[in-house]
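Residues take their numbers from the sequence shown, with the count starting at 1.
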Amino acid sequence: MKKITLLTLVTLLMCTSCVTKKKYMIAENGRIAAIASGDSLHSLLSNCRDQGTRMSAQIKNLMQDTTRMGNSIREYQNMLNSNMTQQEKLNALLSQKRNELSERERTINELQEMIKSQNDKVQKLLNSVKDALLGFSSEELTVREKDGKVYVAMSDKLLFQSGSATLDKRGEEALGKLAQVLNKQTDIDVFIEGHTDNKPINTAIFKDNWDLSVLRATSVVRILTKKYDVNPLQIQPSGRGEFMPVDDNETLEGRSKNRRTEIIMAPKLDKLFQMLQNSEDTK
């Protein structure tokens, strides 16, 4: 009986010893695993902290870059706004210059049209005068165009006796034919110029060649206006005396050419002058 009890006790002790060692091993293994896990978590925490530090530095750098980029963007925007303002000014100035150029081109075209019209009028006047004075010889008168004007040079043989300002019948006839042209073309200015040679004259009527040239011009004006009804507002007489010769006064032939009355006709230039003045005022 004692043997059985002892055996039972030994058996129980062995069993108890086995269970305790097993639990110990399990606990020891758990402890080792926990230590390893703690080391791993500590390492992971350290890595996370390092990574957090790096990310914080990176965020700080990014924020600094963002600030610099923001400043740059604002600077570029200001520059863009300034450039846009300058561009707007340049566009406005360009538009103004284009308008001015367009206006000048329009004025130039109008002037060219007016000049062409003037030239056409001069040519028409020249042809009309030539046709009206066909019956007179070149020794009596000449007709020419120069600088947009028509010149009719009538010799003193046609118009006056030597040293006289009274017109001959032949001269009045020539003026009558010319008056027909002037009465049809009332938009022309007429200048009557008396010319002499350089031989001095001193009579009871004429003190010198100035007197003779002026009175001959006014005699022509009287015939045109009183006898042939040419508008006196169209005509302006003047005396040139001996100072605008067309030939040499040292020869008889030259002095004969210099003794003349020139009737100078030109279309009125009032509109052209006004346009030119307006063009100057707009500069």
Side-chain angles (χ1 to χ4, degrees), residues 69-134 141-153 177-193 195 217 220-221 224-225 228-238 240 243-244 246 261-283:
M69 291 181 66
N71 292 334
S72 296
I73 290 172
R74 284 187 288 273
E75 182 179 353
Y76 291 149
Q77 186 64 50
N78 291 334
M79 292 175 63
L80 179 60
N81 292 337
S82 176
N83 288 337
M84 288 180 65
T85 302
Q86 187 67 23
Q87 184 69 30
E88 290 172 356
K89 291 180 181 178
L90 291 174
N91 287 337
L93 182 61
L94 178 60
S95 177
Q96 178 185 348
K97 294 300 181 183
R98 283 176 175 170
N99 291 336
E100 290 177 1
L101 178 60
S102 178
E103 182 64 22
R104 288 184 179 276
E105 288 177 345
R106 184 187 66 80
T107 301
I108 289 172
N109 291 334
E110 290 181 359
L111 288 173
Q112 288 176 337
E113 287 297 322
M114 292 187 69
I115 290 172
K116 182 180 181 300
S117 176
Q118 292 292 108
N119 291 336
D120 291 342
K121 288 180 180 180
V122 170
Q123 190 60 45
K124 180 181 178 181
L125 178 61
L126 178 65
N127 294 335
S128 297
V129 171
K130 285 183 175 180
D131 291 342
L133 300 175
L134 275 177
L141 59 84
T142 58
V143 181
R144 63 191 176 94
E145 184 270 332
K146 180 182 178 182
D147 299 331
K149 299 177 182 179
V150 175
Y151 290 76
V152 179
K177 293 183 178 299
L178 184 61
Q180 294 177 9
V181 176
L182 299 180
N183 287 330
K184 291 178 181 179
Q185 299 190 35
T186 57
D187 59 340
I188 60 175
D189 291 319
V190 184
F191 303 90
I192 312 295
E193 293 184 350
H195 298 268
V220 170
V221 170
L224 290 172
T225 57
Y228 297 114
D229 298 324
V230 175
N231 185 357
L233 297 177
Q234 288 182 258
I235 302 179
Q236 178 179 327
S238 63
R240 299 289 189 176
F243 299 103
M244 294 184 68
V246 293
T261 300
E262 288 193 337
I263 302 174
I264 306 167
M265 295 160 283
K268 292 182 180 295
L269 300 175
D270 297 352
K271 291 182 179 179
L272 182 59
F273 288 152
Q274 183 62 44
M275 182 169 291
L276 288 172
Q277 183 61 47
N278 292 340
S279 177
E280 289 294 325
D281 292 341
T282 57
K283 287 183 178 180

Can you tell me how far NZ of K121 sits from CE of M265, rounded to the nearest 0.5 angstrom? 15.5 Å
To the nearest 0.5 Å, what is the distance between NZ on K97 and CG on N99? 11.0 Å
Hey, is the main chain of K124 close enough, under 3.5 Å, to the side chain of S128 for a donor-acceptor pair? yes
Begin with the C-alpha distance, continue with both residues' side-chain angles, and end with the deciding distance and a verdict on side chain to side chain contact (heavy atoms under 4.5 Å, CB included) for Q112 and N109. CA-CA 5 Å; Q112 288 176 337; N109 291 334; 3.7 Å; yes
Closest non-hydrogen atom pair between V122 and P267, with its separation: CG2-CD, 3.5 Å
For T225 and P232, which heavy atoms make the closest approach, and how far apart are they? CG2-CA, 3.9 Å
Distance col, row Q86:CD vs N91:CG, nearest 0.5 angstrom, shows 10.5 Å
Within a strict 4.5 Å, meaning less than it, do heavy atoms of the L182 and V190 side chains meet? yes
Closer than 3.5 angstrom, by distance alone: can the side chain of Q234 be matched with the main-chain N or O of I188 as a donor-acceptor pair? yes
Can you check side chain to side chain contact (heavy atoms under 4.5 Å, CB included) on E193 and I264, steps first, answer last? CA-CA 8 Å; E193 293 184 350; I264 306 167; 3.6 Å; yes
Tightest non-hydrogen contact, residues S238 and A217, listed as O-CB, 3.3 Å
R106, CZ atom: more than 12 neighbouring heavy atoms under 6.0 Å: yes
How long is the straight-line distance from CG of L125 back to CG of D120, given to the nearest 0.5 Å? 12.5 Å
Are the side chain of N183 and the backbone of Y228 linked by a donor-acceptor contact shorter than 3.5 Å? yes
Return the minimal non-hydrogen interatomic distance between A132 and V181, and the atom names on each side. CB-CG2, 3.7 Å
Approximate separation, where rounding is to 0.5 Å, of E262 CD and H195 NE2: 4.0 Å
For the atom pair NZ (K177) and CG (L133), what is the distance rounded to the nearest 0.5 Å? 8.0 Å
Are K116 and E113 within salt-bridge range, i.e. N to O under 4.0 Å? no
